[in-house]
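Every chain is numbered from 1, with letters handed out A, B, ... down the list of sequences.
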Amino acid sequence: MVNYITQSKELTALKEKLKDLPYVYLDTEVAVKDFEKVDYFNDKVRLIQIGTQEDIFVIDAFKVERDTLKEFLKEVLESKGIVGHNLKFDLKFLATNFDVYPKVVFDTFIASKILAKGDNSQKHSLSAVAVRLTDEEVDKTYQTSPWWVENLTKEQIEYSAKDIEVLRSIFREQVVRLNEEQTHLKSSGETYKVFGVVNPVAALEMAFLPCLVSIELSGIPIDEKQLSNLIKNSKTTFQNLYIEFKRKYYIDPFSPQQVANFLTKKLGLKLPKTEKGSFSSQDVHLKPYEDKPEVKTLLSIRYEKKTLDKLEELSKYVKNSRVYGEFKQIGASTGRMSSYKPNLQNIPKNLKSIFRAPDGYLFIIADYSQIELRIAAEYTKDKSMIKAFQEKKDLHKLTASVITGKDYQEITKEERNLAKAINFGLIYGISPKSLVEYAKNNYDIDITLSQAKTFHENFFNFYPKFKEWHENVKNYLEKHKFIQVETLLGRKLIAYKFTDAVNYPIQGSGSDLLKMAVVLFYKSLLDLDAKVVNLVHDEIVVEVKQEDVDKVQEILSQSMEKAGRYLLKEVPVEFEINVSKSWSKE
DNA sequence: TACGGTAGCTCG
DNA sequence: GTACGAGCTACCGTAC
């Protein structure tokens, strides 16, 4: 039954009706004119649909009295579980419109992504999930109908209620499927108590969701003055270089064709070909010719342009000296988040200093050290690697001594860098051939193919469980064509390629770890004036009131440590923590 | 003119 | 036999 609520007094009766329920279904309709430009701070929530197993209540936020509604929502939604689809959207609006912050949630959008196990062909809209899991269909025609008009049509009200019906069926099916997953860890937290979900990955993601809502609503502080100055200066520098270049060489430095032609014909440079057969003028291929002024200027032009573009992109998203970006909670099939509008996870190192905490505040910047190697050691149970980490050895140096046969103490910086390349590359199944390229491009180290082969071999002989792991995966794949692999928490992927199968558990466990650390951090924060403002795969950036720095730093350390101990039983985790006025550690 | 794919660069 | 995961911009060919 659908109840359309337009009068404040009806809320009292509704509150009584919902009193004993552990959770409700929730959806909202927001008066957004252009869904490309959702403004979480200014757009208005029109309808709040609350569903029980039997009934659906559609509350018209434009009709009922504001304060009564706020009080009602706070009392009801913060005291029980919430089931919804893509709840980050609804939760952000509940926060900005009504100051309401539900903490115990189940998001069918997130659940659907977890259940997909990396199948990127699956879509996760409410209607796509409904078709896949139930026999119901959803008509989205009214989603973008005018939700701001004074009197809504009967169709609009019915549409808004229909989503709740679909949500019920999806939710029930997802809980069954999530709980069917084989897992060695079982969740016993809120997600279990309220929704009956034992799946630990789902439990983590659902606990993480409200944290992510807080992160997005916080934004990250930026020094607006420094930003505009940088843009101004960078513009001038770039324009001067650009005009000078065109005047001198009569070509456009941004036309790949003209540049390639100029470099090869006029300067006689030897450049490799791209896939399509044209000459490639990538920075890395031009680096060796940096002593030529034409090349040097060209590289500078590119550098300035990149800086300028990035700064201008950032400035598009600045409001009140903060950048409000968005995250996809499961942006990669490994469970990693991705960041967009703008992407705050690929800010060039040299620009991080423009992110500055406001007066009276500081950043705490924490990142896990060599986390993927530690996870690989834990995952493979390789004795040598575990021992090295337990003894707090520098693993890159150790690998360097293993592959070169030199003494651990005598490893040079260059050898350590080479080992770094090998350590990372070999986790992901790099071939000796690619290793040569990789060492060259990323560390500017020249090795021959036969050297690479030797290093490859020495590495696998010293870390035998690594070899075994790769061989097992390879053999299994040859026989079965696909393999299900999982992270330390139990996040799953069906892999068809060797490199995916070996990469996933490592990268995926890293994302389990970071999300868990953030959840634990928020749980212990209580009323301290601190909030997470960015997450970059193995890094947590917290903005904190100056006087709370010590306490918050301690809580953050303990959270990262605890998450580490929960997921890694044999290998210790380590992390760096810095307190700084800006994101660059200074 | 709009869209999709590719190359190239940034980060982890 | 294959290093992995993202987002953003500019360019370029194709379709309308």
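- Candidate nucleotides dA3(C), dG5(C), dA10(C) were compared by shortest atom distance to the side chain of D309(A), and dA10(C) ranks first.
- Across residues 235-245 of chain A, not one residue has a non-hydrogen atom less than 4.0 Å from an atom of DNA chain C.
- Contact annotation: side chain of R336(A) to base of dG12(B), donor-acceptor pair present below 3.5 Å.
- Here S434(A) pairs with I430(A), S431(A) under the side chain to side chain contact (heavy atoms under 4.5 Å, CB included) rule; sequence neighbours left out.
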Fill in: Dot-bracket line, read 5' to 3' along DNA chain C, where crossing pairs take [ ] and | marks a partner on another strand, Watson-Crick or G-U under 3.5 Å
...||||||||||||.

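- Going from atom CZ of F327(A) over to atom P of dG7(C) covers 12 Å, rounded to whole Å.
- Remark: E216(A) engages K88(A), K92(A), L212(A), E326(A), F327(A) in a side chain to side chain contact (heavy atoms under 4.5 Å, CB included) (not counting sequence neighbours).
- Between F466(A) and W469(A), the ring planes are perpendicular. Angles over 60° get that label, and only those under 30° would be called parallel.
- Put simply, CG on L373(A) is 17 Å from P on dC4(C), counting in whole angstrom units.
- Cation-pi geometry between K341(A) and Y317(A) is not met: the NZ or CZ atom fails to fall both under 6.0 Å from the ring centre and inside 45° of the normal.
- Residue W469(A) contributes atom CH2, which lies 11 Å from atom C1' of dC4(C) at whole-angstrom precision.
- For the side chain to side chain donor-acceptor pair (under 3.5 Å) test, no residue two or more places apart in sequence or in another chain qualifies with N578(A).
- Residue K316(A) has its side chain nearest to dT9(C) when only dT9(C), dT2(C), dA6(C) are considered.
- Note: F498(A) and H470(A) have perpendicular aromatic rings, judged against thresholds of 30 and 60 degrees for the angle between ring planes.
- Residue K328(A) contributes atom NZ, which lies 15 Å from atom P of dG5(C) at whole-angstrom precision.
- Distance, L314(A) CG to dC11(B) P: 13 Å, rounded to whole Å.
- A donor N or O paired with an acceptor N or O is not found under 3.5 Å between the base of dC8(C) and the side-chain atoms of E313(A).
- Less than 4.0 Å separates DNA chain C from no heavy atom of any residue of residues 211-219 of chain A.
- Across the interface with DNA chain C, nearest-nucleotide mapping of N120(A) and P432(A) shows P432(A) to be the residue nearer the 5′ end.
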